[in-house]
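Just below is one structure, and these are the notes that go with it.
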Amino acid sequence: MPVHDVHVAVIYYSSTGTVAELARRIADAAEHAGADVRLRRTAELAPQAAIDANPAWAANAAATADVLEATHEDMLWADAVIFGTPTRFGNVTSQLKQYLDTLGGLWQQGRLADKVYSGFTASATKHGGQESTLLALYQTIHHFGGILVAPGYTDPAKFRDGNPYGTSHVGGPDTPLDEDARTAARIQAERVVKFTKAIKHGLSPAS
């Protein structure tokens with residue numbers, strides 16, 4: 001079969017850049033694992049004045065201006081979708097939620113079912129809602145009829161970052177991704193590609 005016969009969309013929202021960096025890491029790892037990848041951001045809903053008042057937010061907006069905004073066509077194209085969002089009071093951001101809420105028509109037609117889904121997140125503090133954010137995101141996946149592929153504790157490195165629900169990172173724009181987060185991003189992307197290929201072509205005995 002062709003090397004790049006699996007389509008993975010990495011669709012995220014990021015304010016100050018941490019989730020954007022995680023998204024790039026996951027997208028690169030998925031491509032390296034043998035997928036065609038689309039990296040997409042959701043539309044910004046915050047007023048420009050609020051963005052301009054936060055230097056890190058403004059810097060990330062400028063740095064990611066060339067990343068295309070996610071559309072419905074990206075969902076249709078994808079065999080797997082990996083969603084990324086910062087935590088907001090233990091939940092997904094309004095920017096990602098707004099995108100998800102626009103997918104009702106595709107959901108009603110059954111066009112979001114039987115795809116692989118996974119998620120990643122970041123928070124400014126420890127225990128800042130990372131697990132509850134991913135679990136809240138995954139409620140939507142269940143409604144889609146999606147196939148949830150979480151990383152679990154399937155690799156020894158996952159016992160270091162400690163989040164079986166998805167890749168996560170504690171820190172803001174002044175706290176770069178650590179080795180645990182970078183490794184977790186790779187593990188999650190590879191696992192998503194592995195099982196997306198399995199669903200499309202059948203899991204080989206060696207897998």
Side-chain angles (χ1 to χ4, degrees), residues 7-33 35-71 74-75 77-78 80-100 102 117-126 128-131 133-134 136-137 140 151 161 163 165-190 192-193:
H7 296 167
V8 175
V10 180
I11 298 176
Y12 74 94
Y13 172 74
S14 182
S15 53
T16 58
T18 301
V19 172
E21 177 61 20
L22 280 173
R24 287 190 292 270
R25 293 274 179 176
I26 288 172
D28 288 347
E31 188 170 38
H32 186 74
D36 280 335
V37 178
R38 289 185 182 181
L39 179 65
R40 299 289 188 264
R41 60 183 174 86
T42 59
E44 180 60 80
L45 303 178
Q48 190 63 44
I51 298 170
D52 293 341
N54 184 326
W57 198 350
N60 180 59
T64 59
D66 60 337
V67 178
L68 297 177
E69 286 190 3
T71 67
D74 296 314
M75 296 294 297
W77 172 85
V81 183
I82 309 175
F83 288 115
T85 176
T87 65
R88 290 293 184 271
F89 304 111
N91 213 321
V92 302
T93 58
S94 58
Q95 289 87 347
L96 180 63
K97 185 63 166 60
Q98 193 272 343
Y99 175 75
L100 294 172
T102 69
Y117 294 92
S118 202
F120 59 99
T121 190
S123 62
T125 60
K126 269 189 174 183
Q130 293 182 352
E131 292 182 357
T133 295
L134 291 173
L137 171 65
T140 300
D161 75 80
N163 190 343
Y165 304 102
T167 300
S168 60
H169 177 67
V170 178
D174 297 325
T175 309
L177 299 184
D178 58 20
E179 184 61 29
D180 287 345
R182 293 193 295 269
T183 301
R186 176 186 56 77
I187 291 168
Q188 185 170 14
E190 290 174 351
V192 165
V193 172

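Heavy atoms only: backbone and side chains are in, while hydrogens, waters and symmetry mates are out.
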Which heavy atom of [X] sits nearest to which heavy atom of [Y], and what is that distance?
X      : Y      : result
Pro55  : Ala53  : CD-O, 3.7 Å
Thr87  : Gly128 : OG1-O, 3.3 Å
Leu134 : Gly119 : CD2-C, 3.6 Å
Thr64  : Arg24  : CG2-NH1, 4.2 Å
Ala27  : Leu39  : CB-CD1, 4.3 Å
Thr18  : Gly171 : OG1-O, 3.7 Å

Side-chain heavy-atom pair [X], [Y] within 4.5 angstrom cut-off:
X      : Y      : value
Asp52  : Trp57  : no
His169 : Thr175 : yes
Phe120 : Val19  : yes
Glu69  : Arg40  : no
Arg41  : Ser14  : no
Asp74  : Leu68  : no
Lys97  : Tyr13  : no
Val170 : Gln130 : yes

Could you state the interatomic distance from [atom1] ([X]) to [atom2] ([Y]), rounded to the nearest 0.5 Å?
X      : Y     : atom1 : atom2 : answer
Arg182 : Asp28 : CZ    : CG    : 13.0 Å
Thr16  : Asn54 : OG1   : CG    : 7.0 Å
Leu100 : Leu96 : CG    : CG    : 4.5 Å

message: One pair to check against side-chain contact (heavy atoms from CB on, under 4.5 Å): Ser94 and Arg88. What are the steps and the verdict?
response: CA-CA 8 Å; Ser94 58; Arg88 290 293 184 271; over 6 Å; no
Any residue meeting ring pair (Phe, Tyr, Trp, His ring centres under 6.0 Å) with Tyr117, in chain and number order, not counting sequence neighbours: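 Expected list: Phe144.
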Name all residues meeting the side-chain contact (heavy atoms from CB on, under 4.5 Å) criterion together with Arg186; count only those two or more places apart in sequence or in a different chain, and write none if there are none.
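Listed in chain order: Ala29, Thr183, Glu190.
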inquiry  = Working note: Val10 + Arg38, criterion side-chain contact (heavy atoms from CB on, under 4.5 Å); need CA distance, chi angles, decisive distance, verdict.
reply    = CA-CA 6 Å; Val10 180; Arg38 289 185 182 181; over 6 Å; no
Candidate list Asn163, Asp161, Thr121, test side chain to side chain donor-acceptor pair (under 3.5 Å), partner Ser168, passing option: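 Filter result, single survivor: Asn163.
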*Among Thr133, Thr42, Thr93, whose side chain to side chain donor-acceptor pair (under 3.5 Å) with Thr85 holds?*
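Testing each of Thr133, Thr42, Thr93 against Thr85, the sole residue satisfying side chain to side chain donor-acceptor pair (under 3.5 Å) is Thr93.
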Backbone of Trp77 reached by a side-chain donor or acceptor of His7 within 3.5 Å: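 Present.
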Evaluate side-chain contact (heavy atoms from CB on, under 4.5 Å) for Phe83 paired with Tyr99, printing each intermediate quantity in order.
CA-CA 11 Å; Phe83 288 115; Tyr99 175 75; 4.3 Å; yes
